[in-house]
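Naming: A, B, ... by sequence-line order, numbering from 1 per chain.
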2 protein chains.
Amino acid sequence: MADPLYRRIADSLQREIERGELAEGAQLPTEQELADTWNASRSTVRDAIKQLTTRALVEAHPGQGTFVRRKIIPIVTDLSATHDLGTGEAAQYYIDVRRQRRTPRSTVPRVEIQPAKELVASELALAPGSQVVLRHQQRFVDEEPYSLQTSFYPMQLVTVRGANRLIEAADIEEGTIQYLRREFGVEQVGYRDVITVRTPNVSETTFFLLPEDGHVAIFENFRTSYDQHGEPIRLTVTVYPADRNWFITSGNVPAVG
Amino acid sequence: MADPLYRRIADSLQREIERGELAEGAQLPTEQELADTWNASRSTVRDAIKQLTTRALVEAHPGQGTFVRRKIIPIVTDLSATHDLGTGEAAQYYIDVRRQRRTPRSTVPRVEIQPAKELVASELALAPGSQVVLRHQQRFVDEEPYSLQTSFYPMQLVTVRGANRLIEAADIEEGTIQYLRREFGVEQVGYRDVITVRTPNVSETTFFLLPEDGHVAIFENFRTSYDQHGEPIRLTVTVYPADRNWFITSGNVPAVG
DNA sequence: GGGTATTTGTCCGTATGTATT
DNA sequence: AAATACATACGGACAAATACC
C-alpha cells in the first residue's frame, strides 16, 4: 500500500482492461464517478488516467469520455524483400501494400540539392559538405499516413554519370533503382539497415496525426545501398509510427515459411 | 497563441534544449522559478515538465532539480550476423558484445515445459496445446540489464530426437544451435524476424529499471528459425528497451561496408 | 440552428509528503 | 537539523468539445 493513490487507481484500471472486464472500445467511468468510488479528487483521478494514456491503453475524448483503445491492425513491412528482387524500395512498397489488399499512394517527390550533413556524408563515403540529391516523399496506405521517406544520392550520379531524372521533381515510376540499373548499369547488390526507435519530432507528429504528448514512438530505418563495386549509392531514411507497423526481415527462409 | 499555457512553456523549453541553450545534463529552472517567469502556477509548470518527461527530454529528481537528459550511447545489435555463421544467437551475443569492448553476462536459463500458446504453436507449426520447451534468460552488458530472451522448442526434439540438454536448466555454452547440429544433424539454415515496438509490461519495467510511466518503448523481436527441411525448429522472442539499443540488419553487404 | 447537459481540458491556489543536500 | 526541490493530493473555477433534444 506504499503506492500513491493515483497509481493504485491506474493499476486497478489497467488490470480491469487486461482481464477484459473493460473491453476494447468500452467507456471508462467518468472522472467524477472514479473520484467518488475511490474517495479521491478529480485531479488525482486525472493523474491516473494520464498514466494509462501514456501507456497507450486508453484515449480520452472531450465531451464523450475515456475509452479503452482498440488494437490497431498493423501494416506489415518486409525490410528484406527488396534486395532479393532488385526491385527497389519504391516499387516494392506498391507491391507489398497491394498484397495486403490495401491501397498505396505516395506524393510527388520534393527534390533538393544540399551539402551532405555528417551522417549522410559518412554513409555515402563522401567528403563532408559534398553535394547530394535529396528526394523526399510522403506515403499513404488507404489514404492514411504511412511513412516519410528521404533518399540521398551522391551528386556525382547526376553530374558525372548523367542520371538527370534523379533531380526531376517527378515520381520515377519504375523506381530509381531500376532506372539506375537500366540506364547506367549501377546495380544495387546489397544494403545495410540501421534501425532505431525514438520520440517523434514536430513534423512527424503533424503528418502522422500522433498525440501531442509524444508517447507514440517513431521507428526509423537508415538503409545504405551498395552497388556491384561495393560503393554506397544511396542512403534512404524511412520513418514509421511504431504503434501501427510491424516489420519482417528474413534470411534464407524456405518457401511459404 | 491558441496553444494552452502549459504547452507554450513546454515548447519553449524544448526549443532551448534543441538549440543547446540548455545543454545535456544542465539543470532547468526550478518549478517555482518557471512559474514566476511565466506568471503561471506551479501546477501548470508541472504539466509542461510532464510533457518533456514523456518525450524523454528531461528527468526530474526530488530534492535536486530537473535536468536535460544525456544522450545514451546505444548498444548496436546485428540481427543478421547469426545466420551467416550458423553460430546461433547465444554465442553470437557474446561475440557481438565483446566486439564493442563491453562485458556480456547471461543468467542460467529458466526452463519450463508448457502447452504451446496460439502464437507459439502457429510459428512452430504445431497443433495448439502441443508441449514445448521454453528457455528464458536475462542478459546483461557491463552488468546493466540488456535483453530478456525466451526460446521455444518443439518437445519432439527431446522426446523423439533425444535432445535432452534442452530441458536442463543449465547454459549450453556452445549454443543450442550448435548443440542441435552436432548431436542431431539439425541445421538452422534460415530464419524470419518479426519486429514490433510496444509499451513495456510490469516485469520488463522492473528488469530494465524503466520509468514507471511507461514512456520508454520496448523493441520486440520474434525470430522463427528453420532447419534444412524447411521445418521450424525454434521461436526466440527477445525484448530490448528501445531507448538504448540500435539494430543492424544487412543483405549481401561488401566487406567492411 | 440553438440551447443545454455531460465530459474532458486547462489553470489556479494550497497543503503536506519525501528525497536530497 | 534545516533548507531546497520535486511528488502527491485536495478542491474550485471556467473553457472547449460533444451529444442530444
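- Nucleotide D/dA1 forms a pair with no other nucleotide shown, judged by Watson-Crick or G-U wobble geometry with both contacts under 3.5 Å.
- Ranking D/dA9, C/dC12, C/dG9 by closeness to the A/E31 side chain, first place goes to C/dG9.
- In this structure, A/F67 places its CZ atom 12 Å from P of D/dT18, rounding to the nearest Å.
- The residues B/R135 and B/E112 are annotated as not salt-bridged, no charged nitrogen and carboxylate oxygen being separated by less than 4.0 angstrom.
- The distance between atom OH of A/Y6 and atom C1' of D/dC10, rounded to the nearest whole Å, is 16 Å.
- An OP1 or OP2 oxygen of D/dA9 is reached within less than 4.0 angstrom by no side-chain nitrogen or oxygen of A/R46.
- If you find the closest nucleotide of DNA chain D to A/T44 and to B/R42, the one lying nearer the 5' end belongs to B/R42.
- Nucleotide D/dA7 holds its P atom 10 Å from the NE2 atom of B/H61, rounded to whole Å.
- Between B/S43 and C/dG13 there is no side-chain N or O to OP1 or OP2 distance below 4.0 Å.
- For the pair A/Q64 and C/dT6, the criterion of a side-chain N or O lying under 4.0 Å from OP1 or OP2 is not met.
- Other residues, nucleotides and ligands place no more than 12 heavy atoms under 6.0 Å from the CD atom of A/E118.
- Stacking of B/R139 on the aromatic ring of B/Y146 is not recorded, the 6.0 Å distance cut-off and the 45° axial limit not both being met.
- Whole-Å rounding puts the A/D36 CG to C/dT7 C1' distance at 14 Å.
- Of the two residues contacting DNA chain D, namely A/S41 and A/G63, the nearest-nucleotide position lying further toward the 5' end is that of A/S41.
- In summary, B/R69 and B/E24 do not engage in a salt bridge, as defined by a charged side-chain N under 4.0 Å from a carboxylate O.
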